[in-house]
Amino acid sequence: MKIHNNHPYHLVDYSPWPLTGSIGAMTITSGTIMWLHKNEMYLFYLGLLISLLTMYQWWRDIVRESTFQGKHTIKVTEGLKLGMILFIISEVFFFISFFWGFFHSSLAPTIELGMIWPPKGIKPFNPMEIPLLNTMILLCSGITVTWAHHSLMNNKHKQTSQAMKLTVMLGAYFTMLQIYEYMQASFCISDSIYGSSFFMATGFHGMHVIIGTIFLLTCLLRHMNFHFSKTHHFGFEAAAWYWHFVDVIWLFLYISIYWWGS
């Protein structure tokens, strides 16, 4: 029996995925503690598996609702856009807390730090090497994701695919270089406030790059399956907004922590 609604809103169906997602997050957290304290990773991998399965099935349901069932009306899309904007604003304040801590310690180093910045014994990264390369990679990825958006709005399917693939590749390349940089670091997260500030800020940014890359990869797969049109592609728009946010945060990280802070 077909049900006709007399309103433009989407009343979400009952779903098990918020519960399984919470279980996955709790298992990952518990597994991380076991990994750090007992060097056992099986619980961490279990949590990762639960989270990945939840992500796949939850996204599958949302794609079905938006693309095939027509539940993402104009009114619903407006609400989703506002929600994404508020989410990005919350993420901005999340990173502001890291910058606040960094500048609080670097502008007036305490006597415990030797009243110098960086603290004695810390050898910071050369901002003209991998950090500069990563900056260029993210700036280029901002160009390619904008190219993809404009191609999508002009019904250029092949160009959109090419631009999305380039963006995903650049995001993966950035992550590989950051992992290599961490492996070459002469200090760790427990080396004074410098190590803590550096790895917390760049580490969380790296996590956001990985999330954004997965976001864009999902959009690429959806685009290849013809889920988007020139008028109905908010899933990709949200990914593009998120990616530009990641780019801007990196510019602040590069200028403050890598260049000025070194």
Side-chain angles (χ1 to χ4, degrees), residues 12-66 83-84 87-88 90-91 94-95 97-98 130 134 137-138 141 145 164-165 167-185 188-190 195-196 198-225 227 235-236 238-243 245-247 249-250 253:
V12 182
D13 299 327
Y14 289 111
S15 172
W17 311 132
L19 176 61
T20 59
S22 302
I23 292 170
M26 182 183 70
T27 309
I28 285 177
T29 305
S30 304
T32 304
I33 293 168
M34 287 192 66
W35 178 17
L36 295 175
H37 288 272
K38 295 189 175 182
N39 202 27
E40 295 175 355
M41 295 190 66
Y42 63 89
L43 197 61
F44 176 82
Y45 288 135
L46 177 62
L48 197 61
L49 178 63
I50 294 170
S51 297
L52 289 172
L53 289 172
T54 299
M55 287 159 59
Y56 172 77
Q57 292 171 106
W58 203 344
W59 294 348
R60 176 204 62 192
D61 289 353
I62 293 171
V63 167
R64 184 191 297 125
E65 291 166 359
S66 64
M84 191 67 194
F87 169 69
I88 290 174
S90 73
E91 291 282 274
F94 175 74
F95 278 98
S97 66
F98 293 135
I130 290 178
N134 268 343
I137 288 168
L138 279 190
S141 71
V145 80
M164 283 190 187
K165 286 174 185 175
T167 310
V168 170
M169 288 168 60
L170 288 168
Y173 187 34
F174 176 95
T175 301
M176 289 168 58
L177 284 173
Q178 189 166 41
I179 291 170
Y180 177 75
E181 181 184 66
Y182 279 6
M183 291 170 64
Q184 301 299 313
C188 64
I189 196 168
S190 59
S196 301
F198 177 86
F199 283 105
M200 284 294 287
T202 60
F204 268 109
H205 177 269
M207 286 177 62
H208 282 71
V209 170
I210 292 169
I211 292 166
T213 305
I214 295 170
F215 203 169
L216 288 165
L217 180 60
T218 305
C219 289
L220 172 61
L221 295 173
R222 289 191 64 192
H223 174 69
M224 292 172 72
N225 285 294
H227 290 179
F236 174 71
W241 292 353
Y242 187 83
W243 196 253
F245 152 74
V246 167
D247 286 356
I249 291 296
W250 175 258
L253 281 173

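Note that the structure is a prediction, hence the values are computed from the model and not measured.
C219 and G235 get closest at one heavy-atom pair: SG-O, 3.6 Å. Closest approach of F199 to A185, counting heavy atoms only: CZ-CB, 4.1 Å. Shown here for L220 and M164, the closest heavy-atom pair between the two residues is CA-SD, 3.5 Å. Heavy-atom minimum distance, I50 versus G24: CG2-CA, 3.7 Å.
Relative ring orientation between F245 and Y242 is described as tilted, the plane-to-plane angle lying within the 30° to 60° band.
The CE atom of M55 lies 10.0 Å from the CG atom of L53; values are rounded to the nearest 0.5 Å. Note that the CD1 atom of I137 and the CH2 atom of W250 stand 9.5 Å from one another [nearest 0.5 Å]. Between the CG atom of L253 and the CG atom of N134 there is a distance of 11.0 Å, given to the nearest 0.5 Å. In this structure, I62 CD1 and R60 CZ are separated by 11.0 Å, a value rounded to the nearest 0.5 Å. With rounding to the nearest 0.5 angstrom, the OG atom of S15 is 9.5 Å from the CD atom of Q57. Distance check: W17 CH2 to Y56 OH gives 11.0 Å after rounding to the nearest 0.5 Å.
For the side-chain hydrogen bond (donor to acceptor under 3.5 Å, both in side chains) test, no residue two or more places apart in sequence or in another chain qualifies with S51. With sequence neighbours left out, the ring-ring contact (aromatic ring centres under 6.0 Å, His included) criterion links W243 to no other residue. For F236, the ring-ring contact (aromatic ring centres under 6.0 Å, His included) test picks out H149, with sequence neighbours left out. With sequence neighbours left out, the side-chain hydrogen bond (donor to acceptor under 3.5 Å, both in side chains) criterion links Q178 to no other residue. Applying the salt bridge (charged side-chain N to carboxylate O under 4.0 Å, His left out) criterion to R64, with sequence neighbours excluded, gives D61. Remark: H223 engages H157 in a ring-ring contact (aromatic ring centres under 6.0 Å, His included) (not counting sequence neighbours). For the side-chain hydrogen bond (donor to acceptor under 3.5 Å, both in side chains) test, residues two or more places apart in sequence or in another chain that qualify with T54 are T20. Legend: residues meeting side-chain hydrogen bond (donor to acceptor under 3.5 Å, both in side chains) with H227, ordered by chain and number and at least two apart, are R222.
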Could you tabulate the donor-acceptor pairs under 3.5 Å formed by side-chain atoms of residues 37-46, not counting sequence neighbours?
none

Under 3.5 Å, which donor-acceptor pairs link side chains of residues 27-35 to any protein atom two or more places apart or in another chain?
{"from": "T27", "atom 1": "OG1", "to": "I23", "atom 2": "O", "distance (Å)": "2.6"}
{"from": "T29", "atom 1": "OG1", "to": "A25", "atom 2": "O", "distance (Å)": "2.9"}
{"from": "S30", "atom 1": "OG", "to": "M26", "atom 2": "O", "distance (Å)": "3.0"}
{"from": "T32", "atom 1": "OG1", "to": "I28", "atom 2": "O", "distance (Å)": "2.7"}

Do any side-chain atoms of residues 207-218 form donor-acceptor pairs under 3.5 angstrom with protein atoms, and if so which ones, sequence neighbours left out?
{"from": "H208", "atom 1": "ND1", "to": "F204", "atom 2": "O", "distance (Å)": "2.6"}
{"from": "H208", "atom 1": "NE2", "to": "E91", "atom 2": "OE1", "distance (Å)": "2.3"}
{"from": "T213", "atom 1": "OG1", "to": "V209", "atom 2": "O", "distance (Å)": "2.7"}
{"from": "T218", "atom 1": "OG1", "to": "I214", "atom 2": "O", "distance (Å)": "2.8"}

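A side-chain donor-acceptor contact under 3.5 Å links T202 and Y182.
The list of salt bridge (Lys or Arg N to Asp or Glu O under 4.0 Å) pairs with a residue in residues 13-35, not counting sequence neighbours, reads D13-K71.
Other residues, nucleotides and ligands place more than 12 heavy atoms under 6.0 Å from the CZ atom of F95.
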